[in-house]
Amino acid sequence: MDPHLLRTFVTVARHESFSVAAHELGYTQSAVSQQIAALEADLDVLLLRRRPVVPTDAGRRLLEHAGAILLRLDAARADVRRVSGGQPVELRVGISPMADSGRLVERLVEVQRSMPRVTVTVSACGADEVAAGVARGELEIGLVDGVTAPSDPLRVVELGTFTTVVVSESPLVVVLPRDHPLAARGVLRLSDLADARWIDAPGAAIPLARLRVVADGFRSGLRYDGAERSVLLAMVAAGGGLAVLPAPVAREGVAAVPLAAPALVHRTELVHGSLTGPAAAIVAGLGFGVR
């Protein structure tokens, strides 16, 4: 299967348009149509219906594989370039919203001062986006975070031959208004809170989708699309709903009660490929243990 044809197919399916895909890829619409036809001939199956442009059942199944295939190809290309390339003049770092970034930021500042000609760029995006950026060579270093059982790895996109380093683990707490009936409890279980009203804040708290994996319920009240914890805590204090956050949490008007069950932790991990130059200096100076 030609990866160029596969990439064209993914782009057409994403836009549901041959013309928009052609514009993005820099091809003519005729060339895009020919590439899709060639891929369909190779697989001997119809992948896209033309009017409207939507994937067939076979096309949807191919899309399930395509993202991982193209990511691994990009990762292989980036890894080879890392090994054979010269010293980078730019250090690109990705950090997911709730990652424990304190020590890394300190090292970034130290290295940038000692290598003033190196430009350091820090980007904030979701954990899967950070991991994919490292895999593709768009980022040299990434910090990702998420909720997992203490002995399990984080569930992020498949990275291939990359190194994962545990930065920190924190217990989880349920954040409630100070006057909530359960605020005086010593511990709480998620199963006791499934009927409560929650704030859906995937960038500032543990996503409700993740909590629903381990317990039923979790009715969403307000939704917050930002990443500022202070805003989220103000919403909790005002009675907008509950939230689960990594400890510690301290703010007037809210109570943070430890989560006893299920056994989950919030973990931050550093991910990277082959390192040279400033990226190598940063990771070497952090002193984290490789997982």
Side-chain angles (χ1 to χ4, degrees), residues 64 67-68 71-72 75 79 93-105 107 124-135 139 141-175 185-194 196 198 200-218 227 229 242-249 256-275 282-291:
E64 294 175 5
L71 177 59
R72 289 303 297 268
D79 208 27
V93 180
I95 301 177
S96 59
M98 289 194 294
D100 179 8
S101 59
R103 292 174 64 182
L104 176 61
V105 170
R107 284 294 298 160
C125 47
D128 282 349
E129 294 175 81
V130 171
V134 172
L139 302 169
I141 300 173
L143 270 187
V144 298
D145 77 281
V147 172
T148 185
S151 59
D152 290 347
L154 287 183
R155 297 179 180 179
V156 294
V157 296
E158 177 61 41
L159 290 175
T161 55
F162 284 77
T163 300
T164 301
V165 180
V166 176
V167 174
S168 65
E169 284 188 353
S170 302
L172 296 174
V173 294
V174 180
V175 185
R185 289 277 189 94
V187 295
L188 287 170
R189 298 176 299 177
L190 280 185
S191 58
D192 297 331
L193 299 165
W198 294 80
D200 191 7
I206 307 307
L208 294 190
R210 181 70 184 93
L211 299 181
R212 291 181 182 121
V213 171
V214 296
D216 295 329
F218 301 100
R229 177 179 285 197
L242 311 186
V244 175
L245 290 169
V249 174
V257 182
L259 181 66
L264 297 172
V265 295
H266 176 262
R267 183 184 302 142
T268 296
E269 294 183 356
L270 182 82
V271 294
H272 62 81
S274 302
L275 296 174
I282 285 173
V283 173
L286 287 172
F288 297 134
V290 176
R291 188 177 179 85

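One-based numbering along the sequence shown.
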Discussion item. Using the side-chain hydrogen bond (donor to acceptor under 3.5 Å, both in side chains) criterion, which residues pair with T268? Sequence neighbours excluded.
Written reply: none
Worksheet, complete the sentence: Correct closest heavy-atom pair for W198 and V174 would be CH2-CG1, 4.4 Å
Item to complete: Please test L193 against L188 for side chain to side chain contact (heavy atoms under 4.5 Å, CB included), starting from the C-alpha separation and ending with a verdict.
Response: CA-CA 8 Å; L193 299 165; L188 287 170; 4.1 Å; yes
Discussion item. How close do A196 and L242 get, counting heavy atoms only, and between which atoms?
Written reply: CB-CD1, 3.7 Å
Discussion item. For a side chain to side chain contact (heavy atoms under 4.5 Å, CB included) check, start with the C-alpha distance between L211 and V244, then their side-chain angles and the critical distance, and finish with the verdict.
Written reply: CA-CA 9 Å; L211 299 181; V244 175; 3.9 Å; yes
Discussion item. I'd like to know if the side chain of R267 reaches the main chain of D152, judged simply by a donor and an acceptor atom lying under 3.5 Å from each other, with no hydrogens or angles considered.
Written reply: yes
Response to the item:
Rounding to 0.5 Å, atoms CG (D100) and CG (D145) come to a distance of 9.5 Å
Practice prompt. Not counting sequence neighbours, which residues clear side-chain contact (heavy atoms from CB on, under 4.5 Å) with V147? List them please.
Written response: L172, I206, R210, L264
Fill in: Non-neighbouring partners of S101 that pass side-chain contact (heavy atoms from CB on, under 4.5 Å), sequence neighbours left out
I95, V105, L143
Discussion item. Under the rule for side-chain hydrogen bond (donor to acceptor under 3.5 Å, both in side chains), what residues qualify as partners of R229, not counting sequence neighbours?
Written reply: none
Worksheet entry | Nearest non-hydrogen partners of V130 and G142, listed with the distance | CG1-CA, 3.5 Å
Worksheet item: Of all heavy-atom pairs between G126 and S96, which one has the smallest distance, and what is that distance?
Response: C-CB, 4.1 Å
Worksheet item: Which distance, rounded to the nearest 0.5 Å, do you find between the NE2 of H266 and the CE of M98?
Response: 4.5 Å
Discussion item. Can you give me the closest heavy-atom contact between L190 and P262, atom names plus distance?
Written reply: CD1-CD, 3.7 Å
Discussion item. Please enumerate all residues that pass side-chain contact (heavy atoms from CB on, under 4.5 Å) together with A263, with sequence neighbours excluded.
Written reply: none
Practice prompt. With sequence neighbours excluded, tell me which residues meet salt bridge (charged side-chain N to carboxylate O under 4.0 Å, His left out) with R189.
Written response: D192
Response to the item:
For G186 and P258 the tightest heavy-atom approach is O-CD, 3.4 Å
Worksheet item: What distance separates L154 CG from T164 OG1, expressed to the nearest 0.5 Å?
Response: 8.5 Å
